2 protein chains.
Amino acid sequence: MPARRVRADARRNVEKLLDAADAAFRELGTGAPLEPVARRAGVAIGTLYGHFPNRRALARALLRDRHDALFARGDRLAEEPPGPALAAWIRAMAEHAALYGGLAEMLAAGLDNEASELHDDCARMTALTERLLAHARAARAVRPDVTPADVLALTTAAAWTRAQSAEQADRLLDHALRGMLTP
Amino acid sequence: MPARRVRADARRNVEKLLDAADAAFRELGTGAPLEPVARRAGVAIGTLYGHFPNRRALARALLRDRHDALFARGDRLAEEPPGPALAAWIRAMAEHAALYGGLAEMLAAGLDNEASELHDDCARMTALTERLLAHARAARAVRPDVTPADVLALTTAAAWTRAQSAEQADRLLDHALRGMLTP
DNA sequence: ACCTGAACACCGTTCAAGT
DNA sequence: ACCTGAACACCGTTCAAGT
């Protein structure tokens with residue numbers, strides 16, 4: 001496809017909006033008021049909506065690079081010893097989903113909701129989880145009754161716990177992984 | 001102290017407000033709009049605020065009986081075999097904290113925040129958790145590194161998971177408890 | 001092609017006036 | 001002693017007008 005022509009001022013505005021949104025989401029979570037975001041970026045509120053029709057579209061743009069890195073990590077882990085690889089993957093996802101308050105919920109919802117701008121990314125996370133879990137199961141590194149849904153539920157639960165205390169989230173993962181992996 | 005005289009219409013209004021709020025919280029979570037609650041109860045919005053200065057006060061009133069039942073359950077469990085009793089207590093708390101969407105967060109916040117109308121109830125839950133965990137530890141039914149905070153974190157995480165899927169929450173508890181209890 | 005910002009909608013919360 | 005509901009504040013979202 002031909003390179004999309006984008007007016008230089010529009011490109012700059014998008015950059016400034018993303019910077020401001022990242023700061024706001026880090027501080028107040030994914031539900032942060034958007035009018036201050038636009039003001040902080042030096043544009044009118046309509047400009048924000050012009051580039052990002054809704055919160056999820058904004059979140060998707062903010063997470064794009066991070067998600068690429070996460071998927072690359074998952075691909076690399078697929079070549080490593082299956083038990084520790086699965087544990088490392090779960091910890092990586094839980095840490096990622098705690099980047100912004102409310103992100104764990106947003107990602108959990110994106111799994112089911114095909115209309116979500118985050119759905120494709122969530123589907124890739126699920127696919128990687130299934131792949132790493134299959135490896136672990138084949139190596140008898142995980143109990144046979146553990147399902148991909150179990151792993152995803154643990155991940156989002158740990159991400160949510162992390163919003164309150166990173167240490168508690170790690171300890172929750174320790175206990176739950178001990179119950180999921182073979183002794 | 002002398003019995004507080006309460007005007008009969010005020011008492012009726014409180015009853016109707018609690019019924020309407022319970023329905024709204026069940027449907028929309030603890031963040032449900034309050035104006036429709038007042039309208040549904042047949043009173044003006046100011047009457048709601050007159051009886052309940054904030055959302056937590058309303059939640060506290062709604063949960064009073066349920067909390068009493070939960071504490072009684074905890075007391076009874078303290079007389080039973082310590083390992084299963086601790087597991088049953090965690091499941092009971094997780095189920096309770098999933099009664100309304102957002103309740104798990106509210107209770108977790110009430111633990112730390114002394115100003116919360118829910119703080120006393122949260123403190124009793126903590127005390128019962130500590131007591132049941134101490135019993136389980138004395139009976140060597142639980143791994144020695146499990147802390148009361150670990151148990152509370154698991155409980156709130158499971159309650160939050162329950163908002164999305166009760167079955168997944170139960171499975172999360174299965175796995176995590178397997179990792180916490182002694183084999 | 002993009003930006004502006006007024007306009008509309010919605011809800012939380014307070015409080016002066018009424019009964 | 002309690003209730004009413006207008007009033008104020010705040011934020012999400014849209015869109016006609018402008019550049």
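Please read all numbers here as calculations on a predicted model, not as lab measurements. In what follows, chains are A, B, ... by sequence order, proteins preceding strands, each numbered from 1.
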- line: Sorted by chain and residue number, the salt bridge (Lys or Arg N to Asp or Glu O under 4.0 Å) partners of A:R39 (sequence neighbours excluded) come out as A:E35
query: Do we see a donor-acceptor contact under 3.5 Å between the side chains of A:Q164 and B:D112?
result: no
task: Might you work through the side chain to side chain contact (heavy atoms under 4.5 Å, CB included) test for B:W89 and B:L70, ending with a clear yes or no?
output: CA-CA 9 Å; B:W89 172 243; B:L70 186 67; 4.0 Å; yes
Pairs under 3.5 angstrom, nitrogen or oxygen only, protein versus nucleotides 2-4 of chain D, please.
{"unit_1": "D:dC3", "atom_1": "OP1", "unit_2": "B:N13", "atom_2": "ND2", "d": "2.2"}
{"unit_1": "D:dC3", "atom_1": "OP2", "unit_2": "B:H51", "atom_2": "NE2", "d": "2.8"}
{"unit_1": "D:dT4", "atom_1": "OP2", "unit_2": "B:A44", "atom_2": "N", "d": "2.9"}
{"unit_1": "D:dT4", "atom_1": "OP2", "unit_2": "B:T47", "atom_2": "OG1", "d": "2.6"}

- prompt: Going by an N to O cut-off under 4.0 Å, is there a salt bridge joining B:D9 and B:K16?
  reply: no
query: B:R39 has an atom CZ; how far is it from atom P of D:dA6, in whole Å?
result: 13 Å
- line: Per-residue pairing states of DNA chain C in dot-bracket (Watson-Crick or G-U under 3.5 Å; . unpaired, | other strand) read ||.|||||...|||||.||
query: Is the backbone of B:M180 close enough, under 3.5 Å, to the side chain of A:R178 for a donor and an acceptor to pair up by distance?
result: no
query: Going by an N to O cut-off under 4.0 Å, is there a salt bridge joining B:R162 and B:D170?
result: yes
query: So what does A:R55 touch, heavy atoms closer than 4.0 Å: a base, only the sugar-phosphate, or nothing?
result: sugar-phosphate
Residue pairs passing the ring pair (Phe, Tyr, Trp, His ring centres under 6.0 Å) test where at least one lies in residues 139-180 of chain A, sequence neighbours excluded: A:W160-B:W160
B:E117/B:R60 salt bridge by N-O under 4.0 Å criterion: no
message: When you compare the side chains of A:Y100 and A:D22, does any donor N or O come within less than 3.5 Å of an acceptor on the partner?
response: yes
task: Taking side-chain hydrogen bond (donor to acceptor under 3.5 Å, both in side chains) as the test, write out the residues that go with B:N113, two or more places apart.
output: none
task: Could you list by number each residue of residues 15-36 of chain A showing a heavy-atom separation from DNA chain D of less than 4.0 Å, or answer none if no residue does?
output: A:A32, A:P33, A:L34, A:E35
query: Is the shortest side-chain N/O distance from B:Y49 to OP1 or OP2 of C:dT14 below 4.0 Å?
result: no
